[in-house]
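Before any comments, here is the structure.
All heavy atoms count here, side chains included; hydrogens, waters and symmetry mates do not. Chain naming here is simple, since letters A, B, ... match the order of the sequence lines and numbering starts at 1 in each.
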Amino acid sequence: MRHCDVYAVASKDIVFESFDGEAVVLDLSTGKYFGFSDSGSRIWHALSSGVSAQALAGQSAGGATISMAELEGFISRLLEYGLLAPLADTPAQPVSADRLADLAQTREPIRVEVHDDLADPIHEVEEPQGWPAVKHTS
Amino acid sequence: MQRVTLENLTDYARHVLDMAVSNADSYPVTSTVRLPGLNLTVHAGHGPLADAVEHAFVRAPDSQIPSEECRIFVGHPGIGAVPEPAAWGHEHFTPQSFASKLADAGLRGSYFYDLDFWQFYDPRRRVGAQLMRSADSFPPWEPGAPLRAFLHWEYAARGMRLAHAGTLGIDGRGILLAGAGGSGKSGTVVAGLLNGLDSVGDDYVLADIAGGVAAYPLFATLKQDPKGFRRLGLQHRLKSQGPLNWQGKHQFLLENIAVQTTPARLDIVALLVPSIGGGGASSIMPVSRKDAMIALAPSGIAQMPGERESGFRFFSELTRLLPCYRLSLGTQPEEIASTISEFLARGNS
C-alpha cells in the first residue's frame with residue numbers, strides 16, 4: 001500500500017471534459033491530450049475528487065474486479081503524466097453507491113492513452129526553448 | 001538588440017502596438033476585407049503578405065451580421081519609424097506562461113522564435129501589430145492563412161473559434177471534417193468541391209456554437225500534395241499552377257475549383273473524422289465523441305496561440321452538439337462526394 005492514497009488534480013493546467021462517460025484531459029502547459037476508457041474515466045473522476053485508491057480496489061469495473069496492483073499501476077501512470085498529485089494528511093472523500101454502480105457498468109479495461117503526436121501536424125513545428133520553430137529534416 | 005522576458009513582455013507588447021499605430025500614415029498599402037461580423041483593415045508594406053491579404057480571404061456578403069472594425073498593422077523596419085523586432089531573452093518560459101502574462105494585461109500575443117516575428121493584439125481596442133525583420137520575414141504558412149492569429153483572438157473574444165477543419169455541404173447544411181495531416185481531410189474537401197458540393201473552407205474555418213453549430217468561410221486557400229493533385233485530376237482543371245508551397249504542396253483557391261459560389265455559412269449537422277480506407281467503397285459509421293474530440297481539438301488549439309482552455313471548452317461543447325462519425329475513404333473522388341451527398345440527403349445526421 002502506498003503511504004498516501006488520496007490524490008487531487010495536479011495543477012490548474014490540467015483540464016478535462018467528459019463525452020458520453022469518457023474523459024478527455026488536456027495539459028494546458030504541454031498541449032498533451034489524454035483519453036480514458038470508460039472505466040478509466042470513472043476512476044479518474046473518483047481519484048481526482050479525493051476518493052481513496054483503497055475505496056476503489058476490490059470494486060467491479062470493465063467486467064472484472066479491480067486489483068490493488070492494477071489500480072496502483074494506473075495511478076503511477078497518472079502521477080508520471082502529471083495529471084494527479086498526492087495529497088498528504090488529507091482525509092479521503094467517501095465514495096457513493098451511485099459512483100460504484102456507474103463504475104460496475106463499464107465495459108472496457110482501465111486504460112489511459114496519451115496523444116502527444118498531434119500538436120501541430122500541419123505546420124510540422126518543434127519547440128526549441130519552448131517556442132515553435134520550423135522543423136528541419138536532417 | 002533588446003531582449004524580452006516575461007518581466008518586460010507586457011511593456012514590450014504595448015510599445016509595439018503604440019509604435020504601429022503612431023506610424024499609421026507611413027504604411028504604403030491599406031486593404032479592407034469584410035469578414036463575418038468584422039471589417040478588417042490591414043496596413044502593410046508592399047510584399048507577399050500584402051498580396052496574400054488581397055487574395056487569400058473569402059469576403060463576406062454585405063448582408064451578414066453587423067460588423068466591428070479591426071485594424072492590423074503589418075510592420076517592419078523601413079516603414080516610418082517602425083523598429084527592429086526584439087529577441088526573446090534567455091529566461092525560462094512556456095508558451096502558456098507567455099499567453100497568461102499578456103492575458104493578465106488584457107492583451108494577446110505570439111512569438112515565432114526563428115524569425116523574431118511578433119504578433120500582439122489588444123482586443124479591447126481591436127488593434128493588432130505584427131512586427132517582422134523585413135517584408136518577407138514571416139513563417140512560411142502565413143500567406144495561406146494571413147493574420148490568422150489576430151482573427152483567432154478577435155473571434156475567441158466573442159465566443160467563436162477558428163477550427164482546424166474542412167467543410168462540405170449542400171443547400172446550407174454541412175459537415176465538419178476533423179483530423180490530423182494525412183487523414184484525407186483536404187482531399188475529401190476537394191473531391192466534394194469538384195463534384196458539386198459546397199465548402200466554406202479547408203484548414204481553418206470560423207465556427208460558432210450559439211444556437212447550433214455554424215461554420216463561416218475566412219480563407220480561400222486549398223492545398224494538395226502532388227499525389228493527391230494527380231489523383232483528383234487537378235492538373236487538367238487548374239490552368240495555371242504556381243510553385244509548390246513550403247510543404248511541397250500545390251496551393252490554390254476555392255474559386256478555382258468550386259462549381260458554385262462559396263456560401264456565406266453552413267449549418268453544421270455532423271462531425272466526421274476521415275481516414276484512408278482499404279481501397280473499397282467509402283463508408284460512414286458512428287465514432288465515439290471522445291475520439292472525435294481528439295481528432296478535432298488538438299491541432300486547432302496548438303496552431304492558435306493562447307486561449308488554450310477556452311478552446312478546449314469550446315471544442316468540447318461543439319463535439320457534444322453534433323453526432324460524430326468515422327468516414328472511411330474510398331479512392332474515387334466521385335464516389336467519396338456521392339457518399340457524403342447521400343449522407344446529408346438522408347438527414348440521419
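Contact annotation for Ser41(A): neither backbone nor side-chain heavy atoms come within less than 4.5 Å of a heavy atom of chain B. Using a 4.5 Å cut-off between heavy atoms, Thr319(B) touches chain A through its side chain atoms alone.
In this structure, the separation between CG on Leu28(A) and CD on Glu309(B) is 5.5 Å, given to the nearest 0.5 Å. Of the inter-residue distances, the one linking Phe19(A) atom CZ with Ser316(B) atom OG reads 3.5 Å to the nearest 0.5 angstrom. Atom CZ of Arg320(B) and atom CD of Glu17(A) lie 4.5 Å apart (nearest 0.5 Å). Going from atom CG of Asp291(B) over to atom CD of Glu113(A) covers 7.5 Å, rounded to the nearest 0.5 Å. Annotation: the span from Met293(B) atom CE to Ser18(A) atom OG amounts to 11.0 Å, rounded to 0.5 Å.
For the set Ala292(B), Ser100(B), Ser288(B), Ala297(B), the count of heavy-atom pairs under 4.5 angstrom toward chain A peaks at Ala297(B).
Contacts between residues 8-15 of chain A and chain B, counted as heavy-atom pairs separated by less than 4.5 Å, involve Asp13(A), Val15(A).
Ion pairing between Glu22(A) and Arg289(B) fails under the 4.0 Å rule for side-chain N and carboxylate O.
Using a distance-only test at 3.5 Å, with no hydrogens or angles considered, a donor-acceptor pair links the side chain of Lys290(B) to the main chain of Phe36(A). Using a distance-only test at 3.5 Å, with no hydrogens or angles considered, no donor-acceptor pair links the side chain of Arg308(B) to the main chain of Leu26(A).
Partners of Ser199(B) under the side-chain hydrogen bond (donor to acceptor under 3.5 Å, both in side chains) rule, at least two apart in sequence or in another chain, are Thr167(B).
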